[in-house]
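Worksheet: one structure, shown below.
Computed over heavy atoms, backbone and side chain alike; hydrogens, waters and symmetry mates excluded.
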Amino acid sequence: MELSAPQKKVVVFDYGFGNVRSAERALARAGADVEITRDYDKAMNADGLLVPGVGAFASCMKGLREVRGDWIVDRRLSGGRPVMGICVGMQILFARGIEHGVETDGLDEWPGSVEPLQADVVPHMGWNTVEAAAGSRLFDGLDADARFYFVHSYAVHDWSLETHNPALEPPKVTWSTHGKPFVAAVENGALWATQFHPEKSGDAGAQLLNNWIGTL
């Protein structure tokens, strides 16, 4: 008798700044064994770590550092262990955030600044399409007109990370547009992230989370 593969263990990192319950439900529906925790060992040993984020960049960074989340993310990535960021959980992966003229250091996993959206209507709230990167695994199986749910006033407008080593797969960067184009998702080795909320994006978001879990 063929045995079924064990469920992948995913920790939703609870540092006080994210919709952890909705993320937990969405990941469970996608087939993961999910736990909400800030426990160091559980976060380090899970197959995948999801870092949500809601609110201000500076507040999220302060909360993350207070529970050693910055160190956990760095240690996991140093060992090639998957991490996924959502919304502000994606933004804090960049070098800095600029809000109301105040600059705050991010995790600096990627170069670049999170800055105010350049659009007539802010925040960007509601459904929007994306231009998925060629060969994207995150958006595998999704139509080009698939729509995702965004709620944000800040974004990264310029992607500056270049990979010159031919042995390394270059990052896959997905874009969306609200006023000016901005980074909507990134796949970079073990580190993936989305500016939109897959847990609020219906069937398209469920497929995306299923794709991520399938890589763990």
Side-chain angles (χ1 to χ4, degrees), residues 2-14 18-36 43 46-54 73 76-77 80-93 109-110 123-152 155-156 159 169-178 181-216:
E2 184 177 349
L3 297 176
S4 60
Q7 282 184 301
K8 296 298 184 178
K9 181 71 176 183
V10 175
V11 159
V12 178
F13 196 67
D14 183 13
N19 296 321
V20 293
R21 293 297 175 188
S22 57
E24 177 191 35
R25 290 191 294 269
L27 288 163
R29 285 196 300 269
D33 175 13
V34 192
E35 183 174 3
I36 300 172
D47 296 306
L49 179 72
L50 187 137
V51 181
V54 172
V73 170
R76 280 189 63 93
L77 293 175
R81 309 213 68 189
V83 174
M84 183 171 181
I86 290 177
C87 196
V88 183
M90 167 178 164
Q91 295 178 0
I92 59 177
L93 297 168
E109 297 295 342
W110 296 319
H124 176 209
M125 181 181 297
W127 299 84
N128 204 347
T129 57
V130 303
E131 184 178 343
S136 168
R137 290 178 290 168
L138 191 58
F139 293 90
D140 186 41
L142 289 164
D143 295 333
D145 60 354
R147 302 175 76 82
F148 301 90
Y149 191 77
F150 291 83
V151 182
H152 62 121
V156 174
W159 177 263
E169 182 179 8
K172 294 180 172 62
V173 183
T174 289
W175 295 84
S176 187
T177 299
H178 182 69
F182 64 88
V183 176
V186 181
E187 299 159 64
N188 180 207
L191 182 58
W192 292 15
T194 66
Q195 176 60 69
F196 55 84
H197 289 271
E199 78 280 10
K200 298 181 180 180
S201 297
D203 290 343
Q207 177 65 51
L208 184 143
L209 290 174
N210 186 269
N211 289 343
W212 178 61
I213 292 167
T215 68
L216 302 180

Exercise. So, does Asn128 use its side chain to make a donor-acceptor pair with the main chain of Thr177 at under 3.5 Å?
Worked result: yes
Exercise. Taking atom CG of Asp14 and atom CG of Leu50, what is their separation to the nearest 0.5 Å?
Worked result: 12.0 Å
For this session: Taking all heavy atoms of Trp212 and all of Val83, pick out the closest pair and write down the distance.
Result: CZ2-C, 4.4 Å
Problem set entry | Distance, nearest 0.5 Å, that separates CG of Leu77 from CG of Asn188 | 9.0 Å
Problem set entry | For Asp140, side-chain contact (heavy atoms from CB on, under 4.5 Å) partners two or more places apart | Asn211
Exercise. Which atoms form the tightest heavy-atom contact between Tyr149 and Val151, and what is the distance?
Worked result: CE2-CG2, 3.2 Å
For this session: Among Thr174, Leu142, Thr194, find the one that has a side-chain contact (heavy atoms from CB on, under 4.5 Å) with Phe148.
Result: Leu142
For this session: Could you tell me whether a side-chain N or O of Thr129 sits under 3.5 Å from a main-chain N or O of Arg147, the two making a donor and an acceptor?
Result: no
Problem set entry | Glu187 side chain to Arg137 backbone, donor-acceptor under 3.5 Å | yes
Seminar exercise, completed: Heavy-atom nearest pair, Pro82 first then Asp47, reads CD-O, 3.5 Å
For this session: For the residue pair Phe182 and Phe150, categorise the inter-ring angle as parallel (less than 30°), tilted (30 to 60°) or perpendicular (more than 60°).
Result: perpendicular
For this session: Give the minimum heavy-atom separation between Asn19 and Pro52, together with the two atoms involved.
Result: N-CB, 4.4 Å
For this session: Please tell me if the side chains of Val186 and Met90 come closer than 4.5 Å, counting only heavy atoms from C-beta onward.
Result: yes
Exercise. Considering all heavy atoms of both residues, which atom of Ala30 and which atom of Ala206 are nearest to each other, and what is their separation?
Worked result: CB-O, 4.3 Å
Problem set entry | Ionic contact status for Arg25 with Glu199, cut-off 4.0 Å | no
Problem set entry | Heavy-atom pair with the smallest gap, counting every atom of Val34 and Ala28 | CG2-N, 3.6 Å
Problem set entry | Reported NE2-to-CD distance for the pair His124 and Gln195, which is rounded to 0.5 angstrom | 9.5 Å
For this session: To the nearest 0.5 Å, tell me how far Lys9 NZ sits from Leu216 CG.
Result: 13.0 Å
For this session: Supply the atom-to-atom distance Leu27 CG to Gln7 CD, rounded to the nearest 0.5 angstrom.
Result: 11.5 Å
For this session: For this output row, return yes or no: ring centroids of Trp110 and Trp159 closer than 6.0 angstrom.
Result: yes
Problem set entry | Nearest-0.5 Å distance that lies between atom CG in Leu209 and atom OG in Ser201 | 8.5 Å
For this session: For the pair Arg76 (side chain) and Ala190 (backbone), establish whether a donor and an acceptor sit closer than 3.5 Å, ignoring hydrogens and angles.
Result: no
